[in-house]
Amino acid sequence: MNNLQIRNRIIDYISRVSFFVISVALVLAESGCNPYEFHIGGPHVVDAVVLTSLGGVDQGPYEATLRDTAAIDLNYYGATQYIITMGIVLKHGEGFRIMLRPVVEQHDVKDSGIIVTITRSGVWLDSSQKNFVNRPDVMLTEGKMAHVKLLSENNYTQVVMDCDTIFRGWTNLKESDDVVVQALQSSEIQVVGPDWGELPEHETAFTIHR
C-alpha cells in the first residue's frame, strides 16, 4: 500500500467518524436528551438534574447513587407545595444533606435555603449559617434505609425521618419547586424511590425568622 492509498484511507476514516459524531449530536439535539437530566421514583415520577459532575452520580429509574459531595436537584412540574417521601441508604461515610426551599438557577445553587444535615452522629438544621435544630438522638445507620418525609405548604415546613419529627414550623423563606440532595464529603448514599405526593393536614410549631 503506497502513501497515497494510506492517506486516502485516513481521510475516509476521519470522514466516517465525523459523520457519526455529527449524526449522534443531531439525534440528541432533536430528542432533547440531556445526560444531566433523568427521571426517578414514583408513582409520581420526579424530574432529577445532576448539579455536580456526572461521574459522581449513578442514575437509575428507581434509585440514584451519589458519591463524595455529588448532588441532584429534584422537581415535579414546578410544584412548590408538596410532600416528598424517599428512602436514603448510607453506603459508607458520614451522611448527607437536603436543601429545602433553595434557589437553583442554571444547575447552580444560589441560595441553599434550609439545610437538613443527616449523619451517623445526629441531625441538625441550618438557615443563613444559623443552626436552629440539633438532634443528636436521631442518627443514620450505615447500610440501613432511612425513610425521609419532607412537607412544604406556603410558609410551613415539616421534616420527618423514620418515626422522628425533626422539625415542623413556619419560615419566612420563599417557596421553591426544588429540593436538593447531596452526599457529604467522602460519603456514598443511595436515593431510593422518591415520590412527590399530595399534602396532608398538619399542625404548626415555631417560626424561623430570616
Side-chain angles (χ1 to χ4, degrees), residues 48 51-52 56-57 64-75 80-104 108-194 196 200 202-210:
L51 300 179
T52 49
V57 179
T65 300
L66 283 60
R67 293 179 293 272
D68 192 20
T69 72
I72 57 174
D73 178 30
L74 304 179
N75 181 288
T80 59
Q81 299 188 23
Y82 54 76
I83 176 167
I84 302 172
T85 56
M86 71 182 92
I88 302 184
V89 181
L90 177 64
K91 305 301 290 185
H92 64 76
E94 187 60 24
F96 61 92
R97 64 172 59 97
I98 298 173
M99 302 176 200
L100 304 176
R101 299 175 183 258
V103 177
V104 181
D108 184 29
V109 179
K110 302 295 185 181
D111 188 326
S112 53
I114 301 171
I115 303 176
V116 184
T117 305
I118 302 177
T119 72
R120 295 194 301 176
S121 54
V123 178
W124 59 90
L125 275 70
D126 298 89
S127 182
S128 298
Q129 300 182 341
K130 296 180 180 178
N131 177 277
F132 61 91
V133 171
N134 190 11
R135 292 288 304 273
D137 58 310
V138 181
M139 296 173 286
L140 280 178
T141 300
E142 187 172 309
K144 181 181 178 181
M145 182 178 295
H147 297 89
V148 178
K149 181 184 294 185
L150 310 168
L151 182 149
S152 176
E153 181 180 7
N154 299 319
N155 294 103
Y156 182 81
T157 296
Q158 184 172 359
V159 180
V160 177
M161 189 179 91
D162 294 328
C163 296
D164 295 293
T165 298
I166 309 300
F167 170 77
R168 66 169 183 259
W170 297 92
T171 173
N172 293 326
L173 291 173
K174 292 182 179 180
E175 289 182 304
S176 170
D177 58 0
D178 297 290
V179 172
V180 176
V181 182
Q182 181 179 34
L184 296 182
Q185 187 173 8
S186 301
S187 297
E188 179 176 321
I189 63 170
Q190 283 185 332
V191 180
V192 182
W196 203 292
H202 61 74
E203 297 177 355
T204 61
F206 60 88
T207 302
I208 309 169
H209 294 284
R210 184 176 183 182

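- Remark: D162 pairs with H147 by the side-chain hydrogen bond (donor to acceptor under 3.5 Å, both in side chains) rule, at least two apart or across chains.
- Closest heavy-atom contact between P102 and S176: O-OG, 2.8 Å.
- Judged purely by atom type and a 3.5 angstrom limit, T141 has no side-chain atom pairing as donor or acceptor with the backbone of K144.
- Remark: side-chain polar atoms of D177 are not paired, donor with acceptor, to backbone N or O of T80 under 3.5 angstrom.
- With hydrogens and angles disregarded, no donor-acceptor distance shorter than 3.5 Å links the side chain of N134 to the backbone of W124.
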Cut-off 3.5 Å, no hydrogens considered: what does the side-chain donor-acceptor table look like for residues 91-101, sequence neighbours left out?
unit_1 : atom_1 : unit_2 : atom_2 : d
H92    : NE2    : E188   : OE1    : 3.4
E94    : OE2    : S121   : OG     : 3.2
R97    : NH1    : Q182   : OE1    : 3.0
R101   : NE     : T157   : OG1    : 3.0
R101   : NH1    : N154   : O      : 2.9
R101   : NH1    : L173   : O      : 3.2
R101   : NH2    : S152   : OG     : 3.2
R101   : NH2    : N154   : O      : 2.7
R101   : NH2    : Y156   : O      : 3.0
R101   : NH2    : T157   : OG1    : 3.3

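- Nearest approach of L125 to F167, heavy atoms of both residues: CD2-CB, 3.7 Å.
- When all heavy atoms of A70 and V57 are compared, the closest pair comes out as CB-CG2, 3.8 Å.
- Proximity of a side-chain donor or acceptor of R135 to a complementary backbone N or O of T165 within less than 3.5 Å is detected.
- Here the closest heavy-atom approach between residue F132 and residue I114 is recorded as CZ-CG2, 3.9 Å.
- Atom-to-atom distance recorded for N75:CG and D178:CG is 5.5 Å, nearest 0.5 angstrom.
- Considering all non-hydrogen atoms of both residues, T69 and Q185 come closest at CG2-CA, 3.7 Å.
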